[in-house]
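Here the structure is laid out as structure tokens; the discussion comes afterwards.
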2 protein chains.
Amino acid sequence: MSSSTGTSTVEPRRISMTPGAQRALDAASRLFYEHGIHAVGVDLIAAEAGVTKKTLYDRFGSKEQIVVEYLAARDERWRAFLAERLKTEQGAAERILAVFDASRAWADENSPRGCSMVNAHAEISDPSHPAYAIITGQKKWMLALFTDLARGIDRGRDRQRGRQQGRERGGGSAAQLGRTLMLLHEGALVARGLGIFKDPVAQAREEASRLIGASGAGSAGGAGTAGGANRESATGSTSA
Amino acid sequence: MSSSTGTSTVEPRRISMTPGAQRALDAASRLFYEHGIHAVGVDLIAAEAGVTKKTLYDRFGSKEQIVVEYLAARDERWRAFLAERLKTEQGAAERILAVFDASRAWADENSPRGCSMVNAHAEISDPSHPAYAIITGQKKWMLALFTDLARGIDRGRDRQRGRQQGRERGGGSAAQLGRTLMLLHEGALVARGLGIFKDPVAQAREEASRLIGASGAGSAGGAGTAGGANRESATGSTSA
DNA sequence: CCGCAACTATACAGATCGGTATAGTGGTAC
DNA sequence: GTACCACTATACCGATCTGTATAGTTGCGG
């Protein structure tokens with residue numbers, strides 16, 4: 001019901017990504033992530049990209065639009081990266097752990113300073129800002145993904161225990177387990193950005209593993225060709 | 001060893017908080033949190049506080065110093081708020097849950113947009129920035145607090161189980177349980193700021209409750225007058 | 001060879017940035 | 001009564017901000 005089509009579809013980029021525009025977006029993405037959005041001016045972006053401001057404004061029209069493209073592109077890349085890593089995993093438990101593995105790999109080479117969406121949210125207070133929907137959209141999508149996968153875990157448990165009504169010890173309903181996984185995941189990204197302790201994503205993965213395997217549910221041999229519950233979450237390309 | 005005296009002491013404010021300075025700091029704190037640090041100029045702060053820029057610079061000397069005072073004061077207020085809420089709880093389990101309860105109450109009236117430290121960290125990339133130590137200092141302090149309290153849980157478990165060597169099912173060492181609690185807590189604050197789902201702090205508290213009470217360890221009747229493990233964490237006033 | 005797309009180069013606009021300078025006012029304490 | 005403190009008022013500084021204007025250059029497809 002509320003899984004993949006969360007709020008609204010992220011409208012695809014309508015600007016033509018010419019070579020100059022691509023260089024500008026690359027430079028802007030790096031600068032925005034490293035120093036923050038408000039701390040980076042368009043002059044710096046143009047200079048770093050080897051592009052004139054004229055080109056910048058011919059392609060993007062405004063700085064706000066550059067910000068939108070920055071976040072939309074990053075969101076898209078992350079979802080593609082995650083989908084690639086998920087499509088080889090079959091069981092719900094394996095897929096959940098694969099999300100954390102993917103996040104760790106992604107963070108290692110893309111997000112040493114924390115989640116770009118969370119960081120952008122710290123600088124964009126107005127919910128009517130066009131970037132706001134991208135930020136919350138990705139997070140809602142991640143929550144839906146975790147919840148879908150948690151549903152698979154629940155189903156496994158029910159099958160094993162002979163159809164108890166879910167809510168009991170280790171996580172209760174799928175919605176609740178999904179939210180807990182979401183908290184661990186978000187917390188890990190933040191902790192990594194702050195550098196509080198070593199490898200928080202691995203720590204979150206371990207805790208997730210305990211959580212979903214607490215009652216001894218399936219670690220290996222995960223039943224068939226991926227239950228339909230999380231089908232659209234993994235393959236859903238750019239929507240919501 | 002590494003608990004309360006983490007890195008270095010946060011040097012106390014050395015500026016005289018005259019009425020005008022206090023009004024300026026109040027205005028700056030509100031504006032910084034609501035719109036971000038870089039998005040707020042000193043002219044706006046002065047105008048909102050009903051103070052001239054001259055007064056601002058006579059008191060604080062620079063915008064950077066205003067930022068430092070903003071974060072230091074908020075850090076101080078949070079620690080005092082938390083200490084107040086913790087001093088009535090006696091068992092380690094109760095104290096852990098009290099942290100989440102305090103966080104929820106604090107967020108309700110102070111942090112609808114997420115943790116101010118995390119948000120500030122998104123805007124301050126330079127680790128040599130004087131505010132950086134305040135940010136990481138609070139987070140390290142929180143981790144030490146959780147770890148201290150987790151040690152109390154571990155001890156309770158060992159007592160109950162007849163001195164097994166800790167690491168086993170539900171969290172293993174105190175350090176590990178402390179880190180997991182940290183992840184849940186940080187994740188909850190982020191999720192609340194993003195408004196992804198309802199009351200993430202309560203969700204985190206529930207999960208924490210399951211975590212520390214997994215083996216049926218003490219929910220009520222928590223053993224005497226607060227074990228020495230977490231003594232300095234609760235009462236440590238402004239240090240670390 | 002013409003037209004168009006993508007670009008460079010440069011200069012400028014109006015506003016705002018953090019920060020400073022000068023001059024003056026009200027209150028209070030010794 | 002004077003010296004000091006906290007403050008107002010205002011004007012200014014150079015730099016940077018987002019955004020625009022004019023003019024010219026390259027390369028490529030029909």
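Protein chains get the first letters and strands the later ones, always in sequence-line order, with residue 1 at the start of each.
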Handout entry: Letter per nucleotide, 5' to 3', of nucleotides 25-30 of chain C [B base touched, S only sugar-phosphate touched, - untouched; heavy atoms, 4.0 Å]
Key = ------
Handout entry: Any donor-acceptor pair under 3.5 Å from A:Arg179 side chain to A:Ala174 backbone
Key =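 No, because the side chain of A:Arg179 does not come within donor-acceptor range (under 3.5 Å) of the backbone of A:Ala174.
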Protein-nucleotide distance ([X], atom [atom1]; [N], atom [atom2]), rounded to Å:
X: A:Asp58; N: C:dA9; atom1: CG; atom2: P; result: 15 Å
X: B:Phe60; N: D:dA6; atom1: CZ; atom2: P; result: 13 Å
X: B:Ile45; N: C:dT16; atom1: CD1; atom2: P; result: 16 Å
X: B:Ile15; N: D:dC5; atom1: CD1; atom2: P; result: 17 Å
X: B:Leu56; N: C:dA21; atom1: CG; atom2: C1'; result: 16 Å

Practice task
Provide the full list of ring-ring contact (aromatic ring centres under 6.0 Å, His included) pairs with a residue in residues 188-209 of chain B, sequence neighbours left out, each pair given once.
Solution key: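 Residue pairs passing ring-ring contact (aromatic ring centres under 6.0 Å, His included), neighbours aside: none found.
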Exercise for the section: For A:Thr55, report the nucleic acid contact type (base, sugar-phosphate, nothing); a contact means any heavy atom under 4.0 Å. Expected result: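 Answer is base: heavy atoms of A:Thr55 come under 4.0 Å of a base.
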Practice task
Report which part of the nucleic acid B:Thr52 touches: base, sugar-phosphate, or nothing (heavy-atom distance under 4.0 Å, all strands).
Solution key: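 Base contact - B:Thr52 has a heavy atom under 4.0 Å of at least one base atom.
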Please identify each residue that fulfils side-chain contact (heavy atoms from CB on, under 4.5 Å) with [X], with sequence neighbours left out.
X: A:Arg205; value: A:Leu97, A:Phe100, A:Asp101
X: A:Ala202; value: A:Arg104, A:Asp199
X: B:Asn110; value: B:Arg74, B:Arg77, B:Trp106
X: B:Val67; value: B:Phe32, B:Ile37, B:Leu71, B:Ile124, B:Ala131

Practice task
Kindly write out the residues that satisfy side-chain hydrogen bond (donor to acceptor under 3.5 Å, both in side chains) with A:His38, not counting sequence neighbours, or none if the list is empty.
Solution key: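 Result, side-chain hydrogen bond (donor to acceptor under 3.5 Å, both in side chains) vs A:His38: A:Glu123.
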Problem - Pairwise salt bridge (charged side-chain N to carboxylate O under 4.0 Å, His left out) hits with a residue in residues 41-57 of chain A, at least two apart - result: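 Those involving residues 41-57 of chain A are A:Arg30-A:Glu48, A:Asp43-A:Lys53, A:Lys54-A:Asp58.
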Problem - B:Arg59 vs D:dC7: side-chain N/O to OP1/OP2 distance below 4.0 Å - result: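 For D:dC7, OP1 or OP2 has a side-chain N or O of B:Arg59 closer than 4.0 Å.
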Handout entry: Below 4.0 Å: OP1/OP2 of C:dC7 and any side-chain N or O of A:Thr18
Key =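 So the side chain of A:Thr18 is within the cut-off, an N or O lying under 4.0 Å from OP1 or OP2 of C:dC7.
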Handout entry: Distance-only donor-acceptor check, side chains B:Glu206 and A:Gln176, under 3.5 Å
Key =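 B:Glu206 vs A:Gln176: donor-acceptor pair found between side chains.
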Under 3.5 Å, which N/O atoms of the protein pair with N/O atoms of nucleotides 17-23 of chain D?
unit_1 : atom_1 : unit_2  : atom_2 : d
D:dT18 : OP1    : A:Lys63 : NZ     : 2.8
D:dT18 : OP2    : A:Val42 : N      : 2.8
D:dG19 : OP2    : A:Tyr57 : OH     : 3.1
D:dG19 : OP2    : A:Lys63 : N      : 2.9
D:dG19 : N7     : A:Lys53 : NZ     : 2.9
D:dG19 : O6     : A:Lys53 : NZ     : 2.3

